[in-house]
Amino acid sequence: MGGHTDPKVTERTGLPLLAPFAGELAEMRGWAFGHRWIGCGAVRGEGREQLVVLVAERDALPADEPPEEVVRVASPRRATRRDDRRTWVRRVIDLTGWEPLGLTVDWAAVEGELGVPLPADYKELAAAFGGGVFSDSVSFLGCGASVSFDLPARWRAGLPADRDSRDGSVPAVGPYEEYAPGGKGVVTWGSTEWADEFCWLVDAERPGDYPVLARSHDPGPWYRYDMSTSEFLHRVLADADFRPFGIAQYELGATFVPGSDGRPL
């Protein structure tokens with residue numbers, strides 16, 4: 001800031017965002033997003049400061065880094081108060097003050113394409129909210145409400161390129177690859193603006209058993225949560241101690257803004 005570069009900044013911590021500007025940079029803030037850095041800052045020029053946005057390559061982990069590890073996280077102990085009998089979907093609705101949309105979704109078509117049934121509470125969330133953004137930072141993928149927040153569309157885009165369309169078979173995939181019908185893998189249902197990913201681990205041989213897998217934007221472990229989608233989402237939004245994914249500590253407020261692509265929801 002102020003033209004001063006922190007000497008601790010390296011290639012691994014954002015230096016590519018600073019390199020193009022020499023002494024002209026007044027300020028730069030950076031975010032890691034997969035294999036890219038995204039920077040927003042100000043440069044000096046012609047007697048004034050000018051806004052600049054930059055995307056730069058981000059180094060991958062060295063080949064000798066240990067592989068990712070799955071961390072199983074037990075569901076937090078539940079209290080027995082009377083209001084704890086409310087469903088987690090209802091808690092998310094109450095937390096955000098949202099009026100449920102009551103959307104109609106052709107779940108038979110969606111689940112037929114995937115080859116597995118989707119979690120019941122996720123379908124309740126999708127019918128109530130559609131797709132959109134919680135607390136200005138947590139994206140939720142619905143079904144059919146908005147192309148930008150459509151779970152089937154996002155899933156199709158990530159399918160392996162080497163699927164064998166001649167007989168419908170798919171190559172063997174690991175638990176951290178995109179799920180393909182008949183196989184085992186992840187289906188993404190949410191993310192954050194800093195590129196955390198929220199997924200289900202789906203196994204066609206175990207339909208209905210979908211633990212939540214989550215990981216942060218930096219290479220590191222997957223965290224496994226044996227809880228429902230709606231419970232995980234509620235804890236992300238409301239539980240300040242739900243580390244490393246809880247956002248309540250940032251005091252962003254519990255809000256929801258539906259996604260839009262120019263069509264009515």
Side-chain angles (χ1 to χ4, degrees), residues 9-18 28-41 52-62 65-71 73 122 125 129 131-142 146-160 174-179 185-202 211-225 229 232-240 242-257 259 261:
V9 175
T10 68
E11 291 285 337
R12 294 287 301 278
T13 59
L15 188 60
L17 293 174
L18 308 180
M28 176 65 71
R29 296 176 182 269
W31 294 263
F33 190 92
H35 292 285
R36 302 286 188 273
W37 288 107
I38 300 175
C40 182
V52 62
V53 175
L54 178 70
V55 178
E57 294 292 329
R58 181 170 178 241
D59 285 347
L61 277 177
E65 288 279 348
E68 291 178 338
E69 174 188 3
V70 172
V71 179
V73 180
Y122 163 76
L125 286 169
F129 291 94
V133 180
F134 289 95
S135 301
D136 294 326
S137 59
V138 179
S139 295
F140 175 77
L141 302 183
S146 167
V147 171
S148 301
F149 294 91
D150 185 59
L151 183 146
R154 294 280 291 273
W155 169 72
R156 283 186 219 106
L159 282 174
Y176 313 117
E177 302 297 328
E178 194 78 20
Y179 165 78
V186 297
V187 174
T188 300
W189 57 264
S191 61
T192 67
E193 69 170 37
W194 40 90
D196 293 343
E197 295 179 82
F198 305 147
C199 313
W200 299 300
L201 177 58
V202 179
V212 173
L213 286 183
R215 67 174 174 181
S216 64
H217 65 273
D218 281 322
W222 284 90
Y223 292 82
R224 172 171 172 152
Y225 296 85
T229 308
F232 180 85
L233 179 60
H234 185 275
R235 293 190 182 281
V236 166
L237 298 174
D239 186 349
F242 192 60
R243 306 295 177 88
F245 301 108
I247 66 169
Q249 58 184 308
Y250 305 126
E251 300 182 354
L252 299 174
T255 60
F256 180 76
V257 177
D261 53 12

Spatial distance of atom CG (L141) from atom CG (L125) [nearest 0.5 Å] = 12.0 Å

Nearest heavy-atom pair of R215 and P221: which atoms, and what distance?
-> CB-O, 3.6 Å

In this structure, CD of E177 is separated from CG of L159 (nearest 0.5 Å) by 12.0 Å

Would you mind reporting whether L252 and D136 have side-chain heavy atoms less than 4.5 Å apart?
-> no

Relative to each other, are the rings of F256 and F134 parallel, tilted or perpendicular (30° and 60° limits)?
-> tilted

Hey, are the side chains of W200 and Y179 touching, using non-hydrogen atoms and a 4.5 Å cut-off?
-> no

Test of ring centre spacing under 6.0 Å for F140 and Y122 | yes

Of all the heavy-atom pairs spanning E57 and W37, show the shortest one and how long it is.
-> O-CD1, 3.4 Å

Quick one: sort the F242 and Y225 rings into parallel, tilted or perpendicular, breaks at 30° and 60°.
-> tilted

Pairwise side-chain contact, V202 with V186, heavy-atom cut-off 4.5 Å (strictly under) | no

Measuring from W189:CH2 to S139:OG, what's the distance to the nearest 0.5 Å?
-> 11.0 Å

Given I247 and W194, is the side-chain contact (heavy atoms from CB on, under 4.5 Å) satisfied, shown in steps?
-> CA-CA 12 Å; I247 66 169; W194 40 90; 3.8 Å; yes

Contact summary for G39 and L17, nearest pair of heavy atoms | N-CD2, 3.7 Å

Nearest heavy-atom pair of L201 and R224: which atoms, and what distance?
-> CD2-NH1, 4.1 Å

Are side-chain heavy atoms of Y250 and S135 found at a separation under 4.5 Å?
-> no

Mind checking the CZ-CG spacing from F232 to L213? Nearest 0.5 Å is all I need.
-> 9.5 Å

Output the distance between atom CZ (R154) and atom OG (S148), rounded to the nearest 0.5 Å.
-> 9.0 Å

Could you check if a side-chain atom of Y223 sits within less than 4.5 angstrom of a side-chain atom of S216, using non-hydrogen atoms only?
-> no

Ring centre gap for F129 and F149 strictly below 6.0 Å = no

Please round to the nearest 0.5 Å and tell me the distance separating atom CZ of F198 and atom OG1 of T229.
-> 11.5 Å

